[in-house]
Trainee: 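Have a look at the structure that comes next, please.
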Amino acid sequence: MDLLTIGAFAKASGLSPKALRLYDELGLLRPARVDPYTGYRYYAVAQLDRARLVAWLRRLGMPLAEIRAVAALSGADAAREVRAYWARVEAETAVRRDLAAFLVTELTESTEAPREEPTMLELRCAAHSDRGHVRPANQDTVYAGRRLLAVADGFGPAGAPASGAAVEALRFLDEEDGPRPGNVLNLLADAVRGAGDAVRDVTEGDQEAGTTLTALLWTGSGLALAHIGDSRAYLLRGGGLFRITHDHSVVQSLLDEGRLTPAEAESHPQRSMLLKALGADPDPDLRLHEARPGDRYLLCSDGLTGAVPDDRIRELLAAAPDPETAVRSLVDAANTAGGPDNVSCVVGDVVSPVG
Ligand code: MG
């Protein structure tokens, strides 16, 4: 075997001897031979490709444990892992981008003088929840108040108390005055933390029980979203339906990573398995939406989205004259499709008050 000194190998690979020593220490690229007397490292020419690959993966920011795994794979398998890694980075970045935008708004509003004119917009909403045709009990909880909309989908033996406790813990947000401008983010984060504590109280630490939580809080000029689990929020605006939450589910992450097609996802045996739920994982996704008159928001449990395709949800939402009709027709549609799960919907309209 032709061996190169560390200097020659460094030159051939475009990496520094310092980087090569680091890769050795990290176990990413062991020299082909280490002289037992001098400690000098020697590398095989055949190790050049791996050295370059390790360097590229480090530049991508991939964690060392993953680099070790990827560098051991053949081309196509390594490609799949790099694609999957990048999909995770983009999903995490999207969550952080939303949080940054929220924070920018908060910091701006906290330093501005209070608005003279109150925002002339209101929220009108309705909620409906149904056991469905298959499940023995309804473990979903919904809430639609003046300022707060929430859906929670409980699971496990204490699923119903868990979803109930989560929503109950948020109800104080529905009070008359509403949140102070510039304080929505802290208020919402504290409320969700309180909801997590309440869920742990009723599940008594049972890891098999918990709940999703997707909630919108009216701020007077917008809607602040807190989301954890696989219940969803959608926005119907200008006739288009936009999903504004990302499922914290195993199947969604497999979809993101290109390991599953949308068709395969629909019938995946683990499609209700969550990556995050309230109680176990306290960090919700948080984002702020500017409200426009005519906006219609939908919160729903997976009993709707598992049974009714998005196109149909859009049609029914767009056709309903008011939130009450919308929630009824959506729940009916899930039950007409077999009602395989508890189904819950909350619809909120952003309206200009008449007169
Ligand atoms: Mg469900």
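All heavy atoms count here, side chains included; hydrogens, waters and symmetry mates do not. Note that the coordinates shown come from a computational prediction; the quantities given were computed from them, not determined experimentally. For ligands, and for the atoms within them, numbers begin at 1 and follow the listed sequence. Numbers here simply count residues along the sequence, with the first being 1.
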Trainee: Output yes when R296 and D349 qualify as a salt bridge under the 4.0 Å nitrogen-oxygen rule, no when they do not.
Mentor: yes
Trainee: Which pairs with one or both residues in residues 52-67 pass side-chain hydrogen bond (donor to acceptor under 3.5 Å, both in side chains), sequence neighbours excluded?
Mentor: E66-R88
Trainee: Which residue in the set L330, L216, V151, L298 passes side-chain contact (heavy atoms from CB on, under 4.5 Å) when paired with V346?
Mentor: V151
Trainee: Would a line drawn from the ring center of H227 to the ring center of H248 be shorter than 6.0 Å?
Mentor: yes
Trainee: Around the Mg ion (ligand 1), how many protein N, O or S atoms are there at under 2.8 Å?
Mentor: 3
Trainee: Under 30°, 30 to 60°, or over 60°: which ring-plane class applies to Y297 and H289, parallel, tilted or perpendicular?
Mentor: perpendicular
Trainee: State whether R200 and D197 are salt-bridged, where the test is any N-O pair (Lys NZ or Arg NE/NH1/NH2 against Asp/Glu carboxylate O) under 4.0 Å.
Mentor: yes
